[in-house]
Amino acid sequence: MKIAIVCTHGGHLTETLQLLDAFAGYEYFFVTHHSSRDQDVQKIARTYFSTNINANPFRFMLAFPWALSLLLRESPDVIFSMGAEIALPFFFWGKTLRIKTVYLESWCRVSNLSMTGKLSYPFVDAFYVQWPQMLQVCGSRAKYAGAVL
Amino acid sequence: MILVTVGTHQQPFDRLVKAADDFASTTDETVIIQTGAATYEPKYAEHFRWASSQAMESLTQESRAVVTQASAGAVLLAIQYGKPIVVTPRLSRYGENFNDHQRQLAKALAECGQAVLLENPTAAGLQAALDCAWPRIPSTSSRDQLVIELRSQFERWESQARRKKTGRGVPKSSIS
């Protein structure tokens, strides 16, 4: 099974790397933005770098055809993401192409969902939060199964 | 050595960087500041903008305590190495972040005793916070549980996909 691990740099990437054991034994690749930590991910697995969307609507729209092209080329079975907005084009095409999608809200979100979380919640196949009190905020589809710490 | 870190976020966190630099001018202890996108240039503390993960890990290990924005990266590293943590959330009203979600994590960490919360960083505030920040023993059991859950989910999907393929390949005559 092949897994696409999609995340922005910074804290999202750090949290994702804490969970690498979850992907052990599977083929996986990263999708992220360029940062001072490029080599950290490249030495682990093949990595694709997207434009840093950074809340720019134009770059956000451009990410959609880029994501589609990448998903058609790689054909992953699962898309895993902790955000941020780079997750959305991948989840959108993932649903269209019947790829399983998993969203894990950041450990930093203790009392409300991020925008990416809110937009992903209705249609991802599995939705996790990292604080039990978040279950009261989300709908019944959300699960709490632990945290990166 | 006190390590101060503001992460890789593209907005400056001058409030914390300046407070840390002011603190550095009042102490003989080495203060190292990772300044990121800050526009303020420290005069007293050692500083750099960006560093590799290995370098940050090494500095965290060397430090006596870590002062950080309320973001997963530095906090997790400090907790892993059992360092006392002072956490200052970035706030949108100062142009430090797009929203105030860092306050949630900062407060949650303070409530469970993992960090000391310093909302308005000053040299004196930093000194007081560092004086009452204590190391915690890190635990990996929650992370292990999450890893197990994710792997279980992946395995369920893998079985479903296999069953679908097998189901399509079975000739009608063999179905009883």
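Reckoned from all heavy atoms, side chains included, excluding hydrogens, waters and symmetry mates. These numbers come from a predicted model, not from an experiment. Naming: A, B, ... by sequence-line order, numbering from 1 per chain.
- Within the 6.0 Å centre-distance limit, the rings of F23(A) and F80(A) are counted as a close aromatic pair.
- Interface check for chain B: of the options A126(A), A147(A), G146(A), the most heavy-atom pairs under 4.5 Å are formed by A147(A).
- Considering only heavy-atom pairs separated by less than 4.5 Å from chain B, the leading option among R109(A), E15(A), K143(A), H12(A) is R109(A).
- If you measure heavy-atom distances from Y144(A) to chain B, the contacts under 4.5 Å come from the side chain alone.
- Residues V147(B) and W157(B) share a hydrophobic cluster, clusters being chains of Ile/Leu/Val/Met/Phe/Trp/Tyr side chains in contact below 4.5 Å.
- Heavy atoms of Q11(B) lying under 4.5 Å from chain A are absent altogether.
- With respect to chain A, the highest number of heavy-atom pairs below 4.5 Å among Q102(B), Q10(B), H9(B) belongs to Q10(B).
- Following chains of ILVMFWY side-chain contacts shorter than 4.5 Å, one cannot reach V67(B) starting from V87(B), and the two form parts of different hydrophobic clusters.
- Linking ILVMFWY residues whenever their side-chain heavy atoms come closer than 4.5 Å, directly or via other members, leaves L16(B) and L109(B) in distinct clusters.
- With a 4.5 Å cut-off on non-hydrogen atoms, D77(A) does not touch chain B at all.
- If you tally non-hydrogen atom pairs under 4.5 Å between each of Q133(A), Q18(A), Q130(A) and chain B, the highest count goes to Q18(A).
- R15(B) places no side-chain N or O within 3.5 Å of a backbone atom of Y94(B) that could act as its donor or acceptor partner.
- Contact tally against chain A (heavy-atom pairs below 4.5 Å) for A106(B), S152(B), S71(B), S53(B): the top residue is S53(B).
- Only the side chain of L104(A) comes within contact range of chain B, judged by heavy atoms closer than 4.5 Å.
- Neither the backbone nor the side chain of L17(A) has a heavy atom closer than 4.5 Å to any heavy atom of chain B.
- At distances below 3.5 Å, not a single donor-acceptor pair connects side-chain atoms of T27(B) with backbone N or O atoms of A24(B).
- Hydrophobic clustering (ILVMFWY, side-chain heavy atoms < 4.5 Å, transitive): Y103(A) and V110(A) are in one cluster.
- If you measure heavy-atom distances from N112(A) to chain B, the contacts under 4.5 Å come from both the backbone and the side chain.
- For the pair R46(A) and F30(A), the cation does not sit on the ring face, since its NZ or CZ is not both under 6.0 Å from the ring centre and inside 45° of the axis.
- Contact count versus chain A (heavy atoms, under 4.5 Å) is highest, among H101(B), R103(B), Q145(B), for H101(B).
- Looking at D144(B), there are no atoms closer than 4.5 Å to chain A (heavy atoms on both sides), in backbone or side chain.
- By the 30° and 60° cut-offs, the orientation of the rings of H34(A) relative to F49(A) is parallel.
- Of the two parts of Q39(A), neither the backbone nor the side chain holds a non-hydrogen atom closer than 4.5 Å to a non-hydrogen atom of chain B.
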